[in-house]
2 protein chains.
Amino acid sequence: MKEGPDIAQIGALIGDPARANMLAALTGGRALTATELAAAGGITLQTASTHLSKLETGGLLAQRKQGRHRYFTLADEAVARLIESMMGLAASRGHLRHQPGPKDPALRKARICYDHLAGDYGVRMLDSLVASGSIDAIGDGLAVTPRGESELQCIGIDVGSLKSSRRPLCRSCLDWSERRAHLAGSLGKALLANFMEKGWARRVPESRSVVFSPEGERQFLKLFPLES
Amino acid sequence: MKEGPDIAQIGALIGDPARANMLAALTGGRALTATELAAAGGITLQTASTHLSKLETGGLLAQRKQGRHRYFTLADEAVARLIESMMGLAASRGHLRHQPGPKDPALRKARICYDHLAGDYGVRMLDSLVASGSIDAIGDGLAVTPRGESELQCIGIDVGSLKSSRRPLCRSCLDWSERRAHLAGSLGKALLANFMEKGWARRVPESRSVVFSPEGERQFLKLFPLES
DNA sequence: TTCATACTTCGATCGTAACCGAAGCATTCT
DNA sequence: AGAATGCTTCGGTTACGATCGAAGTATGAA
């Protein structure tokens, strides 16, 4: 009624269940077509189409035409972070889409969050990097140490080249299943990409789950030991 | 449609304009009565009442009865942070409640954000604290240095006692008008309280503005110089 | 006790937006 | 060219929820 930005528009966009489900699906990070998103939202293609155009004009989605497909992604990392933090709040207030319980253990273990690793394994990875002195943590802030830079080089990640991108190198992202932070930012993305390149992990189609191969799991756990 | 927390409920709660305005008003940090919030939302008391009970059962608000008044506050600092970050996103997408323009210069200069100082002065304060080595900043994370601890002691703030509270000492909070970080957390709160105690600053009733006395402004600017 | 204030609940109205069927474009494949 | 796929637009229905008037409850003041 007074001054300031209009929260209500964004809230209303996220407030519709169909749209919320589509946004949640896009938190998986990969670009999805209108048809796929319609399925994710549990609605017909026509309805999805109007929802998607609303989300786009609202600035939450970006689209890119490719042949006869139209691929949608979250507009921004800022949007992804908003969605995740709303998930965190929703989880802490007990708003669940289904009955709570021992749901989906695979998803709690390792999943995609936008473009990086989340879940138990994501949290463990960050904890281990901090414990080994590769990453400095102050509050919510994260920074790679010189030592970390050389350690990551050994794994096959060139931190120097990541720094040049405009996107922040490290970010902490609050995990809704673990209620603890995991590693986002371009480094988080690079690490996950690295694991998938090596064949340690792969995404499960149509899901946010990430599964590790037996060998990959062994390597991952060795590389990121738990602080005792 | 699948697993995970339900964003839509929270989104829908924030998505109604009347409710959004009430929440924004509560970002001012002080507890407000149902009648005051009805005015803030531009609706009658009956309507406000139903909205408020929805917000409360949704976990966004806390209330406390006091005599025949019922005071509402944001449930949590997490809620306050969510609102502020939605304001940031809304501002960056150009969703404004009124026509944009050179609006409300007082509000851009200094205002309350939940319980700490925001706006130009809030950003300046944090910048200065970081530049002088009183606060370490890594990414979004902030930490008071030993040196900062003694400097703050001189101003009249005992960092040690603040540390014992469960709430984080320092937090960065993104400013929607400046698009830069200012200082939140218990230290941010303590600093603002300190200024008001000394008579440097006071709140404008019915608004989020904070105004400085001529003397207070002089002292503040001297205490927190701009890095050249 | 009586009155006033602060707020909630009830009941009814009204508007908006979510929804889908059907038809219309656009792109690619054959 | 014709057919198939992917998506958008149109039209009409439906349902939900925001709204307020009026009545009800609780607390405090006179």
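In what follows, every chain begins at residue 1, and chains take the letters A, B, ... in the order their sequences are listed.
Ring geometry for B:His182 versus B:His116: interplanar angle of 30 to 60°, hence tilted.
In the set D:dT9, D:dC20, C:dT27, the nucleotide with an atom closest to the side chain of B:Ile43 is D:dC20. Nearest nucleotide to the B:Ser49 side chain, out of D:dG6, C:dT27, C:dT8: C:dT8. Nearest to the side chain of B:Ala34, among C:dC19, C:dT8, C:dC20, sits C:dT8.
Note on B:Glu56 versus B:Arg70: no salt bridge recorded, every NZ/NE/NH1/NH2 to OD/OE distance being 4.0 Å or above. Using a 4.0 Å cut-off between charged nitrogen and carboxylate oxygen, A:Arg218 and A:Glu215 count as a salt-bridge pair. The pair B:Glu36-B:Arg30 does not count as a salt bridge, with every side-chain nitrogen at least 4.0 angstrom from each carboxylate oxygen. Taking a cutoff of 4.0 Å between a charged side-chain nitrogen and a carboxylate oxygen, B:Arg171 and B:Glu84 do not qualify as a salt bridge.
Atom C1' of nucleotide C:dC7 and atom OH of B:Tyr71 are separated by 13 Å, given to the nearest angstrom. The nearest whole Å value for the distance from the CD atom in B:Gln63 to the P atom in C:dC7 is 10 Å. Going from atom CG of B:Leu45 over to atom P of D:dA23 covers 17 Å, rounded to whole Å. One interatomic measurement links the two molecules: CG of B:Leu13 to P of D:dG17, which rounds to 11 Å at whole-angstrom precision. Taking atom CG of residue A:Asp16 and atom P of nucleotide D:dA15, one finds them 17 Å apart after rounding to whole Å. Rounded to an integer number of Å, the gap from NE2 of A:His51 to P of D:dC7 is 16 Å. Protein atom CG of B:Leu52 is 7 Å distant from nucleotide atom P of C:dT8, rounded to whole Å. The CG-P distance, from A:Leu55 to D:dT8, rounds to 12 Å in whole Å.
The phosphate of C:dT27 has neither OP1 nor OP2 within less than 4.0 Å of any side-chain N or O from A:Arg70. Put simply, B:His69 has no side-chain N or O that comes within less than 4.0 Å of OP1 or OP2 on C:dT5. Listed pair B:Thr44 / D:dT19 fails the phosphate criterion, with no side-chain N or O lying under 4.0 Å from OP1 or OP2. Taking side-chain N and O atoms only, B:Arg19 has a distance below 4.0 Å to OP1 or OP2 of D:dA18. Proximity of B:Lys54 to the phosphate of D:dG17: no side-chain N or O atom is located under 4.0 Å from OP1 or OP2.
Each of A:Thr47 and B:Phe72 has a nearest nucleotide on DNA chain C; the 5'-most of these lies closest to B:Phe72.
Across all strands shown, A:Ser53 has no heavy atoms under 4.0 Å from either base or sugar-phosphate atoms.
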